[in-house]
Protein chains: 2
Amino acid sequence: MEEGTLKSPSHCKGTKDDAVRQWDVREDCEVRQILDRVADKWSLLVVALLDQGSWRFTELRREIDGISQRMLTVTLRNLERDGLVRRTVHPVVPPRVDYELTPLGATLHDTIQALVRWTESHQEEIAAARAAYDARATGDTP
Amino acid sequence: MEEGTLKSPSHCKGTKDDAVRQWDVREDCEVRQILDRVADKWSLLVVALLDQGSWRFTELRREIDGISQRMLTVTLRNLERDGLVRRTVHPVVPPRVDYELTPLGATLHDTIQALVRWTESHQEEIAAARAAYDARATGDTP
DNA sequence: CCGTATCCTCCTGGATACTG
DNA sequence: CAGTATCCAGGAGGATACGG
């Protein structure tokens, strides 16, 4: 509603000398807004799943362990609003609603898959790092 | 249920019960845990910045618009614990602490940059989709 | 079956003040 | 400067019940 007042150039003045940053990190910038949406815990999972064809609401709910009905609805609405997911209501009874990625959403999927794959392939290193950190913390700071 | 009624993607098997997923989405699985950490709003920003060399605490704080001292501390601690960020304390007065990516953290950076670049290059499409959705919602549901 | 609405809890995360 | 500690408001998010 109240946007339009501030428009930020993609290159910004940096406090660290001149232009060290390659992108805008201001709180009100577009990228930050979208990043917050896309980097959302549930959004990530939903998009990752939706690549595998069309899903019904209840299927998604069953599949995503731990998500509540409310959060799935909210997440899907947000993704739909951002043009990443298409919602199709079939006028049958009982009602049937299908969700699938839009072409725009499909382009995001590659990036998310990269994130998931990174996580999978580095989970042991991270687990080891955590264990080492915890051991250091408990044994070192009496 | 019945395998025939569900449209299945070419590379997927018929039932969605558990064979369709290519990765584990259980709440207690490693990938979910790490994903939640990595997909965190502040972590993403910190990692993206840290690629550009070594940063001091206050520099990061100034740079990341809107982050509080507490959240920066917490975020850096988590990243350090996961082995993504190295924290170096210089025994001088006034104290000086530098943060930089570990080799492991550097491998994550590519993925995060991909996410940031995706966001940048699609922000107009998303803004348009949002505007369309909002217009539809306000004009359609009295 | 697919939601919306309501309530209520809990945890995130900001503000502030204090140490080394 | 670089934290830690404490307090507290607000929103995320779960549980439940009901409507289409």
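Because the structure is predicted, anything quoted here is derived from the model rather than measured.
Shortest non-hydrogen contact noted between A/Val85 and A/Thr102 is C-CG2, 3.7 Å. Nearest heavy-atom pair, B/Arg37 versus B/Ser43, reported as atom, atom and distance to 0.1 Å: O-OG, 3.4 Å.
With sequence neighbours left out, A/Trp42 forms a ring-ring contact (aromatic ring centres under 6.0 Å, His included) with no residue at all.
Checking B/Arg96 against A/Trp42, the closest nucleotide of DNA chain D that is more toward the 5' end is the one next to B/Arg96. Nearest-nucleotide assignment on DNA chain D puts the 5′-proximal partner with B/Val89, out of A/Ile67 and B/Val89.
In this structure, the CG atom of A/Leu76 is 10 Å from the P atom of C/dT4, given to the nearest Å. Between the CG atom of B/Asp36 and the C1' atom of C/dC11 there is a distance of 14 Å, rounded to whole Å. Between the CG atom of A/Asp98 and the P atom of C/dG3 there is a distance of 10 Å, given to the nearest Å. Spacing between atom CG of A/Leu72 and atom C1' of D/dA12 amounts to 16 Å, rounded to whole angstrom units. Rounding to whole angstrom units, CG of residue B/Asn78 and C1' of C/dT12 are separated by 13 Å. Rounded to whole angstrom, the span from the CG atom of A/Asp40 across to the P atom of C/dT12 amounts to 15 Å. Across the protein-nucleic acid pair, B/Arg70 atom CZ and D/dA2 atom C1' stand 16 Å apart, rounded to whole Å. At whole-Å resolution of the value, CZ in B/Phe57 and P in C/dG20 are 18 Å apart.
Put simply, the side chain of B/Leu104 reaches to within 4.5 Å of the side chain of A/Ile126, judged on heavy atoms. A 4.5 Å side-chain heavy-atom check between B/Leu45 and A/Arg32 finds at least one atom pair inside the cut-off.
When distances run from any side-chain atom of A/Thr73 to the nucleotides D/dC1, D/dG3, C/dG3, the shortest one goes to C/dG3.
If you check every strand for non-hydrogen atoms under 4.0 Å, B/Arg87 touches sugar and phosphate atoms only.
In this structure, A/Arg77 reaches the C/dG3 phosphate: one of its side-chain N or O atoms is under 4.0 Å from OP1 or OP2. Close to D/dG3, at under 4.0 Å from its OP1 or OP2, lies a side-chain N or O of B/Tyr99.
Side-chain N/O atoms of B/Gln69 and base N/O atoms of C/dG14 include no donor-acceptor pair closer than 3.5 Å.
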